[in-house]
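Here the structure comes first, spelled out in structure tokens, and everything after it is commentary.
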There are 2 protein chains.
Amino acid sequence: MSTSEIHEEVARRLDQAGQRYTRGRRRLIDTLLSLGRPVTIREIVENEPELAQSSAYRNLDVLQSSGAVRRLPSPGDFDHFELSEPILGHHHHLICLQCGSIADMHLPDEVEEVVDQGLAAAAHDAGFFAVQHSLDLHGYCAGCSAPAN
Amino acid sequence: MSTSEIHEEVARRLDQAGQRYTRGRRRLIDTLLSLGRPVTIREIVENEPELAQSSAYRNLDVLQSSGAVRRLPSPGDFDHFELSEPILGHHHHLICLQCGSIADMHLPDEVEEVVDQGLAAAAHDAGFFAVQHSLDLHGYCAGCSAPAN
DNA sequence: ATTGCGACTGAGAACTATTCTCAATAAGCT
DNA sequence: AGCTTATTGAGAATAGTTCTCAGTCGCAAT
Ligand SMILES: [Mn+2]
Ligand SMILES: [Mn+2]
Ligand SMILES: [Zn+2]
Ligand SMILES: [Zn+2]
């Protein structure tokens with residue numbers, strides 16, 4: 001998916017939700033795209049100081065509601081935001097217990113298939129209606145495991 | 001693992017961390033045990049009103065540091081707490097997008113093996129030191145998908 | 001038992017990530 | 001251009017969580 005295709009997809013989703021694709025929202029998408037990993041609000045406004053923090057929160061929420069952005073609750077203090085899976089594709093995360101950074105990760109299709117089947121069975125047994133799964137690895141990133149610790 | 005074995009295990013871990021196994025901490029473990037699923041602080045103090053909220057937070061943090069309790073960041077507003085995997089055994093979660101409730105779930109060993117191998121390869125490629133994985137299903141619980149929506 | 005001392009407790013204050021408010025502005029439509 | 005409605009942004013408000021500190025408890029040595 002090219003950058004312009006992504007913008008079109010976001011515009012489509014916002015339109016469907018009765019929302020406008022304003023400059024600020026476009027810049028938010030560009031920032032998520034250029035940082036290329038789940039980021040905090042702080043990182044976003046530091047990289048794009050013209051974005052007001054309150055508007056960033058509000059617009060990320062709008063973008064999430066329209067399915068363009070995903071919000072990740074974090075073990076630390078700051079939630080992280082990334083482009084949604086319909087845009088970025090299905091993937092997983094490497095979450096650092098030390099510095100809180102999150103990196104994207106992909107698994108082979110065979111693994112995804114086994115996981116999906118196992119989860120489908122578990123959901124069925126519990127009467128649970130599944131929307132999506134999350135599969136993250138928690139540990140220490142290259143930067144944090146190298147020096148000391 | 002019986003209830004008394006669990007208390008012994010918690011006592012062992014606290015002792016190793018130079019911490020005491022006080023009445024309040026014991027009651028916290030009993031509450032987690034009796035509720036039998038990841039719960040919020042609010043649920044804990046409602047079920048055991050003798051526990052002061054500030055002490056509950058502090059002691060759950062102590063118990064987490066000693067490896068007896070796990071804290072789960074939540075998509076909603078409240079973090080959840082459960083007994084740690086060394087005590088409860090490895091498992092996963094069904095997380096309701098509507099009501100925020102979390103239920104435990106187990107996967108077949110074959111699935112776990114495939115997942116572990118896939119994650120080990122991904123971690124190796126990224127220079128990531130893995131501690132544990134989380135694999136959760138997000139969707140709608142039986143209670144929330146039944147009525148309407 | 002008694003004593004001493006450091007760990008623990010609890011009520012509330014403080015902190016801070018996030019959400020809300022509302023007057024000013026921008027977007028889209030005719 | 002003018003009209004209508006959504007959006008913006010600075011700051012206030014909210015709320016989950018952490019911190020403070022004086023009083024209490026647990027434990028071990030006497
Ligand atoms: Mn997957
Ligand atoms: Mn697993
Ligand atoms: Zn790190
Ligand atoms: Zn539910």
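Within every chain, numbering begins at 1; the chains are lettered A, B, ... in the order of the sequence lines, protein sequences first and strands thereafter.
With C:dT19, C:dT21, C:dC8 as the choices, the nucleotide that has an atom nearest any side-chain atom of A:Arg71 turns out to be C:dT19. Checking D:dG16, C:dT9, C:dT21 against every side-chain atom of B:Phe78, the shortest atom distance belongs to D:dG16. Here D:dG26 is the nucleotide among D:dG16, D:dT20, D:dG26 with the atom lying nearest to any side-chain atom of B:Arg20.
OP1 and OP2 of D:dT8 both lie 4.0 Å or more from every side-chain N or O belonging to A:Arg23. The phosphate of D:dT7 (OP1 or OP2) has a side-chain N or O of A:Arg25 nearer than 4.0 angstrom. Contact annotation: A:Gln53 side-chain N/O to D:dA10 OP1/OP2 distance is not under 4.0 Å. Neither OP1 nor OP2 of C:dC8 sits under 4.0 Å from any side-chain N or O of B:Asn59. OP1 or OP2 of C:dA11 has not a single side-chain nitrogen or oxygen of B:Ser54 nearer than 4.0 Å. Residue A:Arg58 places at least one side-chain N or O under 4.0 Å from the OP1 or OP2 atom of D:dT8. OP1 or OP2 of C:dT19 has not a single side-chain nitrogen or oxygen of A:Tyr57 nearer than 4.0 Å.
Taking atom CG on B:Asp61 and atom P on C:dC8, their separation rounds to 12 Å, with Å as the unit. The distance from atom CG of B:Asp77 to atom P of C:dT18 is 10 Å, rounded to the nearest whole Å. A:Gln19 places its CD atom 16 Å from the P atom of D:dT5, with the value rounded to the nearest Å. The distance from atom CD of B:Glu46 to atom P of D:dG16 is 12 Å, rounded to the nearest whole Å. Put simply, CD on B:Glu43 is 13 Å from P on D:dG16, counting in whole angstrom units. At whole-Å resolution of the value, CG in A:Leu60 and C1' in D:dT7 are 15 Å apart. If you take NE2 of B:His80 and C1' of D:dT17, they are 15 Å apart, rounded to a whole angstrom. Between the CG atom of B:Leu63 and the P atom of C:dA7 there is a distance of 17 Å, given to the nearest Å.
In this pair, B:His7 and B:Tyr21 present their aromatic rings tilted. The plane angle is within the 30 to 60° band. Ring planes of B:His92 and B:His133: parallel class, angle under 30° (limits at 30 and 60°).
Between the side chain of A:Arg25 and the backbone N or O of A:Leu63, no donor-acceptor pair lies under 3.5 Å.
Between B:Cys96 atom SG and B:Leu94 atom CG the span is 10.0 Å, to the nearest 0.5 Å.
If you check the side chains of A:His138 and B:Gln132, you find no donor sitting under 3.5 Å from an acceptor.
Residue whose closest nucleotide on DNA chain D sits further toward the 5' end, between B:Thr22 and B:Phe81: B:Phe81.
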